[in-house]
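Throughout, residue positions are numbered sequentially from 1 according to the sequence presented.
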Amino acid sequence: MFYSAGNYDAFVHARKPKGADKKSAYIIGSGLAGLSSAFYLVRDGHVKGDRIHILEKLPVSGGSCDGSNNPDKGFYMRGGREMDNHFEVMWDMYKDIPSYEDPSMSVLDYYYYLNLEDPNYSLCRATINRGEDAHTDKLNGLSDKAQEELLKFYMTPEKDLEDKKISDVLDEEFFKSNFWLYWQTMFAFQRWSSALEMKRYLHRFIHHIDGLPDFTALRFTKYNQYESMILPLQNWLKEKGVHFDFDSDVKNVIFDVSGNKKVAKSIVMKSSSGEEKTIDLTEDDLVFITNGCCTDSTCYGDQNTAPDLSKLVEGKGESWDLWNNIAKQVKDGSFGKPEVFCGNIKETNWMSATIQTSDDEIISLIKNVCKRDPRLGKVTTGGIVTVKDSVNNWYCSWTINRQPQFKSQNPNDVLVWFYALTTDKEGNYVKKAMKDCKGYEVAMEWLYHIGCPVNKIEELAKNKCNTTTSYMPYIDAFFQPRKNEDRPKVVPLGAVNFAFVGQFAETPRDCIFTTEYSIRTGMEAVYTLMNVERGVPEVWGSEYDLRDLLKATYYIRDKKPVDDMKLPLFIKLAMKIGLKKVKDTDVELLLKEEKVIK
């Protein structure tokens, strides 16, 4: 497997690898990582679809990319996905998948023109005082000291950030900035999250520093992530003959480890009826393992019921149990350390809610905040609206994507996605922790923050909204401070017929909690095990592009030139000497074009 950039490798069609006709595959987990593994096996590995089995415990595919309508309880959206135009692997796959919305167009084509005709941007990024615009005004608000800290952090090698928290490398000067509010609420970082992961985010999205404050950098699908992303891929795979074996709860994969050689020998699984089954494997049977899952052990609530957390056990869950069973079979640590990620629910949880309403009074309150009508079927909030004065309470945000979010949704209904980073503190209005709240109580807190008259809040929440909730104990598990080797490599050293895929497999430079990361691990796994003679698109290289770095410098300083920065005298003198040396050169021209200097 090798990385590539540019059209030469991107446009070539992979020829059939040697031995492809002898290969079979078992894919554990039907999330994006598992589905993309199946896709690349078929398209580029030339493995026949009927020789591929996707093993899934649930009755539906998609993993964490879900979206469903429970007839008795309502719509559930645990989360959503924000996409980037430089998700190189994702678009390599979806350019060949017919879209759910219009099968005559690919997922990529439909998505491209949807966002071209209805570009994303926010008119209100944050609120205060119950629905008033907080006027972040696209400003990062970083002091010179905070900028220096951030630059030092950006340039620190990953090795020096292992096992460190963000709060270990950045101080209060940084945390009180708008920049931190944007990044924390958009990506779900906490102060105790991994400094290494935040560094990867900074490098990965440095080209979007100008578009994050108002979300012009983002693009969204038409419908929820399940209908717009999972269903089209699943339908394509089924047409190719791929087997979806639901009700297949994989408990373990047994390995033969001899020296540096590691071979998957069997898969142990159980059905919901308790029937045990073992699949014996040869070296031509490839196994793709989704190790760990951020939505494992989700606890659901509804309009009149709080989620039941009584059965949660620290470090336990189906995906974690599987990974633990696998990891303990090797002594060299090459299968990773699941306990690093799943051992602290207090730090890794947050909670979301889906609020359904068709009430005109509530819709008018939404319009007052986001300055758009959600019933027009276009961009509404343009991303999350963060409630700044909830920072010391639930620390909540909410968003309304293009409506309808489900094809079956009543056109008069609006679905609001609401989430809180803190689940164990009382709300500003509802004096309970969010994790203890019934759905209507969550709706009450939201209505309070969008300016609903207090005397109407309870009645509207109970009778004009239907709210479902999802408490996710491990949703931030991949952000736990870690060492590089705590996640197994996609294909560990010595692996003959297996790979790890998904958010808890390690691939360099890219960042987790993205659709791209899951799909990338699937592609890298197939290309390595099948020896596909085509390059895997490298992570977009904006961190190496001087233009992007200079542009980021200008925007992170809120459009102020660097030569206005308050610096020690000796640095000012050094800058003056340097600028004098590049005067009347292309370097000076570039610095001025990117507005880094006057």
- Task: Could you please spell out the steps behind the side-chain hydrogen bond (donor to acceptor under 3.5 Å, both in side chains) verdict for R78 and T298?
- Result: CA-CA 9 Å; R78 287 187 293 190; T298 297; 3.1 Å; yes
- Item | Chi angles and distances behind the side-chain contact (heavy atoms from CB on, under 4.5 Å) call for W446, C396 | CA-CA 9 Å; W446 173 65; C396 52; over 6 Å; no
Test item: [X] and [Y] side chains (from C-beta on) under 4.5 Å apart, heavy atoms:
{"X": "M105", "Y": "D102", "answer": "yes"}
{"X": "I166", "Y": "F175", "answer": "yes"}
{"X": "Q190", "Y": "L421", "answer": "yes"}
{"X": "F513", "Y": "F479", "answer": "yes"}
{"X": "F75", "Y": "T468", "answer": "no"}
{"X": "T423", "Y": "Y471", "answer": "yes"}
{"X": "L415", "Y": "Q403", "answer": "yes"}
{"X": "V47", "Y": "M530", "answer": "yes"}

Within a reach of under 6.0 Å around [atom1] of [X], are more than 12 heavy atoms found that belong to other residues, nucleotides or ligands?
{"X": "N410", "atom1": "CG", "value": "yes"}
{"X": "Y3", "atom1": "OH", "value": "yes"}
{"X": "K559", "atom1": "NZ", "value": "no"}
{"X": "F2", "atom1": "CZ", "value": "yes"}
{"X": "K388", "atom1": "NZ", "value": "no"}

Between the main-chain N or O of [Y] and the side-chain N or O of [X], is there a donor-acceptor pair closer than 3.5 Å?
{"X": "T354", "Y": "M77", "result": "yes"}
{"X": "R43", "Y": "L41", "result": "no"}
{"X": "D373", "Y": "K367", "result": "no"}
{"X": "N120", "Y": "F215", "result": "yes"}
{"X": "S194", "Y": "E197", "result": "yes"}
{"X": "S518", "Y": "T515", "result": "no"}
{"X": "T399", "Y": "G383", "result": "yes"}
{"X": "S470", "Y": "S352", "result": "no"}
{"X": "N7", "Y": "A10", "result": "no"}
{"X": "R375", "Y": "P411", "result": "no"}

- With a cut-off of under 6.0 Å to the ring centre and 45° to the axis, is R125 in cation-pi contact with Y182? no
- Does F153 have K199 sitting over its ring (NZ/CZ under 6.0 Å from centre, angle to axis within 45°)? no
Give a yes or no on whether a salt bridge exists between [X] and [Y], defined as a side-chain N under 4.0 angstrom from a carboxylate O.
{"X": "K456", "Y": "E361", "result": "yes"}
{"X": "K560", "Y": "D558", "result": "no"}
{"X": "R200", "Y": "D510", "result": "no"}

Using 0.5 Å steps for rounding, measure from the [atom1] atom of [X] to the [atom2] atom of [Y].
{"X": "N85", "Y": "N115", "atom1": "CG", "atom2": "CG", "value": "10.0 Å"}
{"X": "T386", "Y": "I384", "atom1": "OG1", "atom2": "CD1", "value": "4.0 Å"}
{"X": "N412", "Y": "S358", "atom1": "CG", "atom2": "OG", "value": "5.0 Å"}
{"X": "D413", "Y": "D359", "atom1": "CG", "atom2": "CG", "value": "11.0 Å"}
{"X": "Y226", "Y": "Q405", "atom1": "OH", "atom2": "CD", "value": "15.5 Å"}
{"X": "E56", "Y": "L35", "atom1": "CD", "atom2": "CG", "value": "9.0 Å"}

- Query: Should the pair W183 and F179 be assigned to parallel (<30°), tilted (30 to 60°) or perpendicular (>60°) ring geometry?
  - Reply: parallel
- Message: Check the orientation of W540 and H86. Use parallel for under 30°, tilted for 30 to 60°, and perpendicular for over 60°.
- Response: parallel
- Worked check of side-chain contact (heavy atoms from CB on, under 4.5 Å) between K240 and W236: CA-CA 6 Å; K240 301 298 181 182; W236 186 90; 3.4 Å; yes
- Message: Determine whether D92 and Y40 satisfy the following criterion, side-chain contact (heavy atoms from CB on, under 4.5 Å), listing intermediate values before the conclusion.
- Response: CA-CA 10 Å; D92 176 78; Y40 282 111; 2.8 Å; yes
Decide whether [X] and [Y] meet the rule of one side-chain donor and one side-chain acceptor closer than 3.5 Å.
{"X": "R557", "Y": "Q147", "value": "yes"}
{"X": "T467", "Y": "Q356", "value": "no"}
{"X": "S228", "Y": "E101", "value": "yes"}
{"X": "H208", "Y": "D84", "value": "yes"}
{"X": "T216", "Y": "D214", "value": "yes"}
{"X": "T295", "Y": "S64", "value": "yes"}
{"X": "D44", "Y": "Y527", "value": "yes"}

- Message: Can you tell me which residue among Y201, Y395, W350 is in a ring-ring contact (aromatic ring centres under 6.0 Å, His included) with F189?
- Response: Y201
Between [X] and [Y], is the gap from one ring center to the other below 6.0 Å?
{"X": "Y419", "Y": "W398", "result": "no"}
{"X": "W91", "Y": "Y112", "result": "no"}
{"X": "Y223", "Y": "F406", "result": "no"}

- Note on the structure: Nearest heavy-atom contact between G502 and T521 is N-OG1, 2.9 Å
- Closest non-hydrogen atom pair, R372 against G382: NH1-N, 4.2 Å
- Which of these, E516, R520, M523, sits in a side-chain contact (heavy atoms from CB on, under 4.5 Å) with M90? E516
- Can you list the steps and then say if E533 with R15 is a salt bridge (charged side-chain N to carboxylate O under 4.0 Å, His left out)? CA-CA 7 Å; E533 297 171 317; R15 61 183 177 181; 2.5 Å; yes
- Would you sort out whether R547 and E593 count as a salt bridge (charged side-chain N to carboxylate O under 4.0 Å, His left out), showing the intermediate values? CA-CA 9 Å; R547 296 165 301 178; E593 283 178 352; over 6 Å; no
- Would R204 and Y517 count as a side-chain contact (heavy atoms from CB on, under 4.5 Å) if you check the C-alpha gap in whole Å, the side-chain angles of each, and the deciding distance to 0.1 Å? CA-CA 11 Å; R204 180 67 168 85; Y517 196 93; over 6 Å; no
